[in-house]
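Keep in mind the model is a prediction, meaning the values are calculated, not measured. Letters A, B, ... mirror the listed sequences (proteins, then strands); counts begin at 1.
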Amino acid sequence: MKTSCTLYTPRLFIMKNIHTGESMRPPLDVKKTLNLPQTQFSMKANLPQNEPKWLEKWEKMGMYEKTRKARAGRPKYVFHDGPPYANGAIHEGHALNKSLKDFVVKSKTMAGFDAPYIPGWDCHGLPIEIKVDASLGGKKLQMAPFDVRQECRKYAQKYLDLQRTQFKRLGVFGRWERPYSTMDPQYESVIVRTLFDFMEKGAVYKGLKPVYWCIHDRTALAEAEVEYAMHTSPSIWVKYRMTSDPANVDACLAGKKVSTIIWTTTPWTLPASLAVAFHPELDYVALEHEGEVYIVADALAKQAIEKIKLTGATESARFPGSKLEYSKFAHPFLDREILGVLANYVTTEQGTGAVHTAPSHGADDFNTGMKYRLDASSNVDAAGKFIQGLPEYKGKRVFDGNFDIVELLRSRGALMGSEKIEHSYPHCWRCHNPVIFRATEQWFISMEAPIEGVTLRQRSLDEIKKVKWIPAWGEERISNMIATRPDWCISRQRIWGVPIAVFFCESCGKLLESKEAHQAVVDLFAREGADSWYTRAPHEILPPETKCAHCGGNQFHKENDIIDVWFESGCSQAAVLEHEPELSWPADLYLEGGDQYRGWFHSSLLCAVGTREHAPYRGVATNGWTLDPQGRATSKSLGNGIDPVEIANRLGAEIVRLWVASVDFQQDVTVSQELMDKVSEIYKKIRNTFKYILSNLYDFQPELHALNFEEMLPLDQYMLLRTEEVAERVRKWYESFEFHRIYQQINEFCTVDLSNIYFAVLKDRLYTAAPKSPARRSAQTAVWRIGEALVRLVAPIMTFTSEEIWPFLPQILDRPESVHLAYFPQAGEITGKVPNLIYAQTLRADFDSLMAIRDEAMKPLEAARKEKLIGSSLEAVVTIHAPDSLYKLLERYQGELRYLLTVSGVEVKHASGGNGKTPLHVEVAKAPGQKCERCWNYSVHVGTNERYPAVCERCLAALEEIEQEQPA
RNA sequence: GCAGGAUUAGCUCGAAGGUCGAGCCCGCGAUCGAUAAUCGCGAGGUGUUGGUUCGAUUCCAACAUCCUGCACCA
C-alpha cells in the first residue's frame, strides 16, 4: 500500500540532477510553473438575465421534443398533469406543484424512461363566469348564452396563456404549444361521452336537493355567491304534541300529556316540517308544568324554562335522545304526523335540543330526511311563494309568511314563546336580499350504482387499495371521503360549462333515452364544441326520425343545466390519457396539492371507475399547502405569499426550483422572501463547487489523460467511491420523490466532502505537482468524474445551471448536446469497474478513519492559531500520538498524512500510557525550515538549491519534470 | 363538529428505545493561488402534561397550537 504514496514523493536522484546543474538553460519563473485554476465559467450566475436566454435556446432547438426523441422506444413513464384553473396569475402553490412535476418528469427521463409531459388547464366554471359577469355588468342579461360563453372563453384563454408563459419561465419542460384544455371541442366531447356512459349504465338520476336560492333573482346560487350579513328574524318556540304513547319513551310518562318544544328562526319552513330531530346521546328531560309535560335537552332546560316561562317546572323523567327515535308528534297546524328522528348535528348551543326538520329547506334536514325516507319536495316556488297550504299563508312570499305563521301558531295554542333575533344570515351577493334553502331538481350520479357487480362506492374503495398513495395516509383520507360521501350532484344552473346534453319530449316531458341521440351529441361536440348546444335546435342535433320511446313524440327540448366542473376534470383520464398517443391509461402518477383528495383525485377516480371499472392512476402523490413564516396559509387576501415570477426575475427561477427541492413537500411548506434569499446562498455554494471543478480541468482531456481506477491515488479512489454512493442514494431518492433529501445530500457533499475536505487537500497536488504527473492526473480524473456525475444528478432540479455547466466539462465522444438528454450516472459508472471489492471496502474504512483523525487534528491546529503560533496550517508540523488501534493505519498512510491535514509534516508515535485505550492526541509545533515560495509548505530544504533557492525539495522535483517536458 | 396531517437548533432537513446529527444563519478567528470567494473553531434544540421503561425526543394517552378538506350556524 505504501507504494502508492511514492507517486508524488520526491526521488533523490532528481535533486542530484538539478543540483549538479547539468542543464545550461536559465531557471524557470517558479510562480509560472504552478497550475492555478482557470475557467471562463463565471462565479456570478446572473440568473435573471441568463435564464431567459436558455429558455430561448431550448425553444429554438426543440429541447422538449429532443428529450422525447432521445427516449423513443424506452419504457414509458406516464405522468398525468392535473389542470390548474385558468384564472389569475400563478402563485407559490403553482410553482411548488409544477416544479415538483418537472422534477419527476426530468428525473424519469434521465433514469431512462420515455416520460412525456402534456400540461393542461381547467377552463370552465363559476369563478370565470362570475368574473365575466362582473365585467359585463347589466349587459349580460341582454346577451345570448352563446355570446356570454365567448366572453368566458376569451377570459380563460387569456389566463391559460399567462400561466403557460409563467410556468415556462420556471424552466418546466413540456408540450406547451399543444396543452390540453377542458374547453377544447375534443375534450368537451369526451365529457358528454363519459356522462352518457354513466347514464347508459343507469347510474344517473334526477332528484331533489336543497340549494341556496335567491327569490329575488329566481336563481340557484353557488356557495361562492352567498355572503353572510346580519338579518333580523323571528325567534320562536313551538309546541309539538306527542301522539305516540309516551310510555315508550319513559315509563314515568305513561298517561301524561306530553310535548316537545322546538325552536326556529324561520317560521316559514314550518309548513314543510316533517320531523323533529334529537341527538341520540344527549340527555333529555321531561319537565312537568301545570299539568303538561315538555321534553327538552337537559343542557338547555334551564334556558328554555326562562325563555318560555315554565317557571316552577319539575323534572319528571330523564332519558337519552335515542329513546325518542320513531316517536310521533302532531304538526302544530297541519293534519300531519311528525316523526321523531335522530341526528348528530343537534347541539346544545341554542334552542331546545329538539330541531324541527324540513327536508326541502336545509342541507342537514335534507340528509336526515333521506335517511328516514321523508319527502323532500318543495312547497315554495321560484319566487319564494307558498304553492299550497292553509289560507293564512298560501300564495305569500316566505318572509312575509313568517308573521302569519306565528299568528297561526298563537291561535292554535302552539306558540310557547316569541322574540326577535339578529343573526348572521346568507344573502345573495348580487341583489343583497336574504336567500333561502329550497329543494330543486338536480342530476345525480348514484354512489350505489352497480359497477361490475358492486356499487360505485365499493368498487372505488376497492380500487383505492390498489393505488400507491404518497404519503401513505392519503389512502385512509380518500377512503373515508368515498365511504361517507352522498350521491354526486353533477348539475349546475349555469352557462359556462358543458351542458348535460339531454333532451326531453315536448309532449310527455320524459327524458329521451337513446344511444343514437347520445352519439349524435358526442359527434357534434367533437366537431363544433359544446357551444353548439346553444346555437343549434334539437332537430339539428338529433338523428332524423328520433322518437320518444314513451309517447312517440318527435319534438324535443334541451336540458339547460351544465355539468359540475369536477366531473369535467375527472374526465381528463379519458380525454387526455386515452386520447393522446404518447400517453396511456392508467397513469403512473398524479401529483397535486392535498386539497385534491376532495377534488381531482376524487372525481377522476369516480369517473374512471364508473366508466372503466378501474382507478385511472397507479400512484398518487400530494404536496402540502404553502404557509407563511408564522404558519398561516398563504392567501391573496392576507397578501402573505410570494410571487414566483417576481422571485425568478429577481433571484432566478433556479432559486424557486431549489427552494421547492429544499422542503419536504409532503408536509405543508413555508415560503418567504427570506427563505428564497437563503436558498440563493446555497445555490452560490453549489455553483462555486462546480466552478472549482471546472477550473481545474482546463488542461485535462479524458481520452488522453484520465487514469484507470487502479492507477489512481487512494484518496482519489476513495472520493470516487463516495461519489458513487451519493449517486446511488440520489437516484433512489428521485425514485421515491424525496427531493429534499437530494438537496440536503448535494449541499452537504459539496460543502463538507468536496469543498471543506477534498478540494482543500487537493489544492497542493493540483497546483504544485508537475502538470502531466500521474499525481495530478489522478486528481483531475477524480474531479472530472465527480463533476460529470454531479451535474447529471442535479439536472432535474437545477435545470438552468446544469445546462450552463455541461459544455464546460471536457467533451468526450458520444456526449449528448444537453445535460437533459443525458442519463444519470449508472451504478459503477463513476469508479469504472472496481476491480476488487475487498480493496474498495478496506479503502473506504481506512479513509473514514483518516477523515475522523483529520477532524480531530483541526482542534489543536485552531488552538495553535489562537495562540499566534501559526496562521496557515502549513506553518505547522504535527505529531500524532495514536492508540494502537490506529497506529498501524497511520503508519500505512504515513506519506499521505501531511497532505490530508494540510500541514508541512506529520510524525506518528505510539500514544504513551500503553494500555491501548489512550485516546488519539495531536500535538502541534511550528514547522522547521522556511516557506517554499511555490507550494507554501515549510521545509528545511528551502534554500539548499542554487538554481531554485526559494523552493522546497518537492517543488524541485516538479520543476525538474517540467523542465524535461519543455524544450530548452 | 367530522376526517386527515403537522409540531425536533433562529431557518431548512435527517436519525433513532441508549450522550442526537447535517447544512445554512450567528459569534470568533485564519487565509489572500476558488477572491462579491475559500478554510477552521465555537455557540445553539426534541410543543405541554401524564404513562410504559433501567433509560423516552422516539412507544402509549391526553392537551395545546397550526394546516387541509368536509359539515354546520335550525
Side-chain angles (χ1 to χ4, degrees), chain A residues 31 34-39 43-44 228 233 235 262-266 269 273 277 343-347 349-352 354-358 361-365 367 423-426 437 471 473-474 476-481 483-485 593-599 602 622 624-627 629-633 659 662-664 666-670 672 674-675 678-679 681-682 684-685 688-689 691-696 738 740-741 743-752 755-757 759-760 763 766-768 858-859 861-863 865-866 870-875 902 934-936:
Chain A
K31 285 274 188 183
L34 288 165
N35 319 300
L36 296 180
Q38 10 175 324
T39 177
M43 183 166 73
K44 202 156 181 299
Y228 284 80
S233 298
S235 163
I262 62 98
W263 173 73
T264 183
T265 56
T266 52
T269 61
S273 188
N344 287 321
Y345 53 79
V346 175
T347 68
E349 277 164 31
Q350 273 179 316
T352 60
V355 177
H356 131 69
T357 299
H361 296 301
D364 254 347
D365 298 38
N367 291 331
H423 60 156
S424 165
Y425 190 86
F437 254 108
W473 49 257
E476 197 181 345
R477 188 159 174 208
I478 194 165
S479 289
N480 284 337
M481 286 178 181
T484 59
R485 69 156 297 150
D595 53 336
Q596 299 303 326
Y597 285 111
R598 177 56 78 179
H602 195 110
T622 50
W625 215 251
T626 52
L627 310 177
Q630 283 79 49
R632 298 173 304 180
W659 162 72
S662 76
V663 295
D664 179 1
Q666 293 185 20
Q667 301 178 21
D668 292 343
V669 301
T670 310
S672 67
E674 197 198 347
L675 251 176
K678 281 190 172 160
V679 170
E681 292 301 314
I682 304 291
K684 285 182 191 164
K685 180 74 197 184
N688 254 314
T689 306
K691 187 192 172 200
Y692 192 71
I693 289 172
L694 301 176
S695 69
N696 283 293
E738 294 174 280
H740 63 290
R741 292 188 185 223
Y743 171 88
Q744 298 281 343
Q745 171 71 83
I746 294 291
N747 181 213
E748 189 185 331
F749 189 66
C750 285
T751 306
V752 181
S755 192
N756 293 4
I757 301 173
F759 293 164
K763 277 182 179 181
L766 283 169
Y767 299 176
T768 72
M858 288 302 154
K859 290 169 183 76
L861 280 169
E862 182 62 21
R865 207 171 276 132
K866 276 247 153 63
I870 57 166
S872 158
S873 61
L874 287 176
E875 291 170 42
T902 54
R934 187 167 175 278
C935 74
W936 293 349

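Between A:K866 and the phosphate of B:A30, there is no side-chain N or O to OP1/OP2 separation shorter than 4.0 Å. Taking only side-chain nitrogens and oxygens, A:W625 never comes nearer than 4.0 Å to OP1 or OP2 of B:C67. Taking side-chain N and O atoms only, A:H423 has no distance below 4.0 Å to OP1 or OP2 of B:C73. Side-chain N/O atoms of A:K684 include none lying less than 4.0 angstrom from OP1 or OP2 on B:U38. Here A:N756 reaches the OP1 or OP2 of B:G40: one of its side-chain N or O atoms lies under 4.0 Å away.
You'll find that the side chain of A:E748 is closest to B:A22, out of B:A3, B:A22, B:A15.
With sequence neighbours excluded, no residue forms a salt bridge (charged side-chain N to carboxylate O under 4.0 Å, His left out) with A:K31. Not counting sequence neighbours, A:Y767 has no partner by the ring-ring contact (aromatic ring centres under 6.0 Å, His included) test. Legend: residues meeting side-chain hydrogen bond (donor to acceptor under 3.5 Å, both in side chains) with A:E681, ordered by chain and number and at least two apart, are A:K684. When the ring-ring contact (aromatic ring centres under 6.0 Å, His included) test is applied to A:Y743, no partner is found at least two apart in sequence or on another chain.
Each of A:E862 and A:Q744 has a nearest nucleotide on RNA chain B; the 5'-most of these lies closest to A:Q744.
Whole-Å rounding puts the A:K44 NZ to B:A37 P distance at 11 Å.
A donor and an acceptor atom never sit less than 3.5 Å apart when one is taken from the side chain of A:S873 and the other from the base of B:A30. Taking 3.5 Å as the limit, the base of B:U68 and the side chain of A:R477 contain a donor-acceptor pair of atoms between them.
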Both atom distances under 3.5 Å, Watson-Crick or G-U wobble: I'd like the secondary structure of RNA chain B as a dot-bracket string, with | for pairs made across strands. (((((((..(((((...[.))))).(((((.......)))))....(((((..]....))))))))))))....
Pull out every protein N or O sitting under 3.5 Å from an N or O of nucleotides 31-33 of chain B, one pair per line with the distance.
{"unit_1": "B:G33", "atom_1": "O6", "unit_2": "A:K31", "atom_2": "NZ", "d": "2.6"}
{"unit_1": "B:G33", "atom_1": "O6", "unit_2": "A:E933", "atom_2": "O", "d": "3.3"}
{"unit_1": "B:G33", "atom_1": "O6", "unit_2": "A:W936", "atom_2": "NE1", "d": "3.4"}
{"unit_1": "B:G33", "atom_1": "N1", "unit_2": "A:R934", "atom_2": "O", "d": "3.0"}

